Amino acid sequence: MRRAVLLCLASIWTGSLCGCGRTVYVPAPVILPDCPAPERPALPPYDPDEPFDGPNNLSVTLRRDMLLKRYAEGLESALRCHKDNR
């Protein structure tokens, strides 16, 4: 009788080691959508020889402002894409 009990326990123990008789849950792979972020823009430099509020530096300021607004819109779009596809 002891031998039968030991054999039974041994088979249960080895079965638990190799995973026999158990269902293993494997989660599905997570596929993330392609939500590209825009490249950081290269900002035009100011002309140090002119006053900051001079006509050339003013046009540089307006150009930089436009580039940064486009960049911010692209970042917000990428964020929205990630939030919508969670």
Side-chain angles (χ1 to χ4, degrees):
M1 180 71 174
R2 276 187 175 185
R3 188 175 188 155
V5 171
L6 288 175
L7 283 175
C8 183
L9 289 175
S11 67
I12 292 172
W13 183 71
T14 56
S16 68
L17 284 179
C18 70
C20 301
R22 286 191 295 172
T23 303
V24 178
Y25 172 73
V26 178
V30 176
I31 299 172
L32 296 175
D34 185 28
C35 299
E39 292 292 320
R40 180 177 284 190
L43 299 177
Y46 289 108
D47 185 1
D49 296 331
E50 286 197 28
F52 185 70
D53 59 350
N56 288 339
N57 280 340
L58 180 60
S59 68
V60 169
T61 299
L62 295 174
R63 173 96 176 120
R64 289 169 70 108
D65 181 62
M66 185 220 17
L67 289 172
L68 290 173
K69 283 180 183 177
R70 274 195 213 155
Y71 181 59
E73 289 169 358
L75 290 175
E76 288 172 351
S77 174
L79 259 175
R80 264 192 311 275
C81 176
H82 280 291
K83 284 181 179 179
D84 293 344
N85 293 309
R86 276 199 259 173

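The shown structure was predicted, so the numbers you read here are calculated from the model rather than taken from an experiment.
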| note | residues 41-74 vs disulfide (SG to SG under 2.5 Å), sequence neighbours excluded, gives none
| Sequence neighbours excluded - salt bridge (charged side-chain N to carboxylate O under 4.0 Å, His left out) pairs with any residue from residues 70-80 | none
| query | How long is the span from the CZ atom in Arg63 to the CG atom in Leu58, to the nearest 0.5 Å? | reply | 14.5 Å
| message | The criterion is side chain to side chain donor-acceptor pair (under 3.5 Å); which residues satisfy it with Tyr71, sequence neighbours excluded? | response | none
| request: Compare all side-chain heavy atoms of Val60 with those of Arg64 and state whether any distance is below 4.5 angstrom. | output: yes
| said: My understanding is that only residues two or more places apart in sequence, or in another chain, count here; which of them pass salt bridge (charged side-chain N to carboxylate O under 4.0 Å, His left out) with Asp65? | reply: Lys69
Side-chain donor-acceptor pairs of residues 38-51 under 3.5 Å, sequence neighbours excluded:
from  : atom 1 : to    : atom 2 : distance (Å)
Tyr46 : OH     : Thr61 : OG1    : 3.1
Asp47 : OD1    : Asp49 : N      : 3.2
Glu50 : OE2    : Asn56 : ND2    : 2.6

| field | Set of side chain to side chain contact (heavy atoms under 4.5 Å, CB included) partners for Cys81, sequence neighbours left out | value | Cys35, Asn85
